[in-house]
Amino acid sequence: MSIQNVTKFKIDRPAQELFEAFTDPAKIGNFWFSSSSARWEQGKTITVTYNEYNAKFDIRIAEIKPNKRIVLKWGESWEENTVVISFDEIDAEKTCIEVSETGWSENDPSLTAKLVDNKEGWVYMLACLKAYLENGVTTLRTGLIQG
């Protein structure tokens, strides 16, 4: 059995704008990671950072379909998860974005806590994306930082 965590949001922007927010290193810091080492392209390994958490790690871009889908892999090789970010344009100004993540071990005793934490992270990232693209808010991303 494959465990999948899925989160969906409607954002009042064309799919192309959502796609570019993820793939353009100049934009991603406005809603998700602090920075991205390069433009996201299929087959590339990208280093992303969270300055607020003093964290840096690599993501592997497994698939890119412009304005439609991004598939990335992250985590340790023995515990790698796959993230699929899909863009479904409802009309010229509205897009449904769906983020699904798979790869957890069913036998992990902390699985429930990990899934809840994961879901909270995706909801928050998508809320930050919505605030950024619809209202120009670029400071929400750091709002959950614990002192």
Side-chain angles (χ1 to χ4, degrees), residues 1-13 15 17-25 27-90 94-135 137-147:
M1 177 169 99
S2 177
I3 297 169
Q4 183 178 35
N5 207 349
V6 178
T7 307
K8 292 182 181 183
F9 257 61
K10 179 181 71 75
I11 298 180
D12 293 339
R13 288 291 182 264
E17 286 187 37
L18 278 71
F19 179 82
E20 284 299 315
F22 283 91
T23 59
D24 183 342
K27 295 179 180 178
I28 201 162
N30 291 313
F31 71 97
W32 193 8
F33 300 112
S34 304
S35 66
S36 173
S37 64
R39 182 167 181 84
W40 293 19
E41 295 174 353
Q42 189 164 314
K44 278 191 175 180
T45 296
I46 306 294
T47 301
V48 293
T49 59
Y50 274 120
N51 293 339
E52 299 79 14
Y53 300 106
N54 197 27
K56 179 187 279 192
F57 58 94
D58 289 338
I59 60 173
R60 289 156 300 290
I61 308 300
E63 179 185 332
I64 290 273
K65 291 186 179 172
N67 309 329
K68 295 288 183 193
R69 178 177 159 110
I70 299 168
V71 179
L72 64 93
K73 296 184 179 282
W74 60 11
E76 302 298 329
S77 60
W78 66 89
E79 194 176 69
E80 186 173 70
N81 282 12
T82 299
V83 176
V84 179
I85 304 168
S86 301
F87 309 97
D88 181 21
E89 205 162 66
I90 299 165
K94 292 180 180 66
T95 303
C96 179
I97 182 171
E98 177 179 296
V99 178
S100 65
E101 185 167 358
T102 58
W104 295 280
S105 169
E106 295 175 40
N107 302 320
D108 185 341
S110 62
L111 178 61
T112 300
K114 285 180 178 178
L115 289 172
V116 169
D117 184 54
N118 182 267
K119 182 71 161 187
E120 288 174 352
W122 288 123
V123 167
Y124 193 69
M125 182 275 289
L126 290 175
C128 291
L129 176 64
K130 185 174 181 73
Y132 166 54
L133 291 178
E134 290 183 5
N135 299 296
V137 176
T138 60
T139 57
L140 188 59
R141 179 181 69 75
T142 59
L144 286 182
I145 303 303
Q146 303 290 322

For residues T23 and I61, determine if any side-chain heavy atom of one lies less than 4.5 Å from a side-chain heavy atom of the other. no
Self-check item: Full working for side-chain contact (heavy atoms from CB on, under 4.5 Å) between Y124 and L140
Solution: CA-CA 9 Å; Y124 193 69; L140 188 59; 3.9 Å; yes
Donor-acceptor check, side chain of N30 to backbone of K27, threshold 3.5 angstrom: yes or no?
yes
d(C128 SG, L133 CG) to nearest 0.5 Å is 11.0 Å
Smallest heavy-atom separation, P25 atom then S36 atom, equals CB-O, 3.4 Å
For F9 and V123, the nearest pair of non-hydrogen atoms, with its separation, is CZ-O, 3.9 Å
Check your understanding: Should the heavy atoms of other residues, nucleotides or ligands under 6.0 Å from NZ of K10 be counted, would the total exceed 12?
Key -> yes
Query raised in the report: Heavy-atom distance under 4.5 Å between the side chains of V83 and W122, does that happen here?
Result: yes
Only residue of N67, T95, I70 satisfying side-chain contact (heavy atoms from CB on, under 4.5 Å) with L18 is T95
Those residues at least two apart in sequence (or on a different chain) that pass side chain to side chain donor-acceptor pair (under 3.5 Å) with W32 are Y50
Tightest non-hydrogen contact, residues I46 and R39, listed as CD1-O, 3.6 Å
Taken to the nearest 0.5 Å, the spacing of E80 CD from T102 OG1 works out to 10.0 Å
Between the CZ atom in F31 and the OG1 atom in T138, the distance rounded to the nearest 0.5 Å is 12.5 Å
From the list V84, V6, L126, side-chain contact (heavy atoms from CB on, under 4.5 Å) with V99 holds only for L126
d(I11 CD1, E89 CD) to nearest 0.5 Å is 12.5 Å
Could you check if a side-chain atom of I59 sits within less than 4.5 angstrom of a side-chain atom of W40, using non-hydrogen atoms only? yes
Closest heavy-atom pair, G29 versus R141, reported as atoms and distance to 0.1 Å, is O-NE, 3.0 Å
In this structure, CG of N118 is separated from OG1 of T7 (nearest 0.5 Å) by 7.0 Å
- Message: Salt bridge or not between E98 and R69? Use side-chain N to carboxylate O under 4.0 Å.
- Response: no
*Is any side-chain heavy atom of Y132 closer than 4.5 Å to a side-chain heavy atom of R13?*
no
V48 and F57: side-chain contact (heavy atoms from CB on, under 4.5 Å), yes or no, with the steps? CA-CA 6 Å; V48 293; F57 58 94; 3.7 Å; yes
Here the pair of heavy atoms bringing K130 nearest to D12 is NZ-N, 4.5 Å
On a heavy-atom basis, the closest approach of A21 and L129 is CB-CD1, 3.8 Å
(message) Within the structure provided, determine whether I64 and E41 are in side-chain contact (heavy-atom separation under 4.5 Å).
(response) no
>> Side chains of S35 and T49 only: does a donor on one sit below 3.5 Å from an acceptor on the other?
In response: yes
Notebook entry, point to check: For the rings on Y53 and F33, is their centre-to-centre separation under 6.0 Å?
Noted result: no
Distance col, row K114:NZ vs N81:CG, nearest 0.5 angstrom, shows 9.0 Å
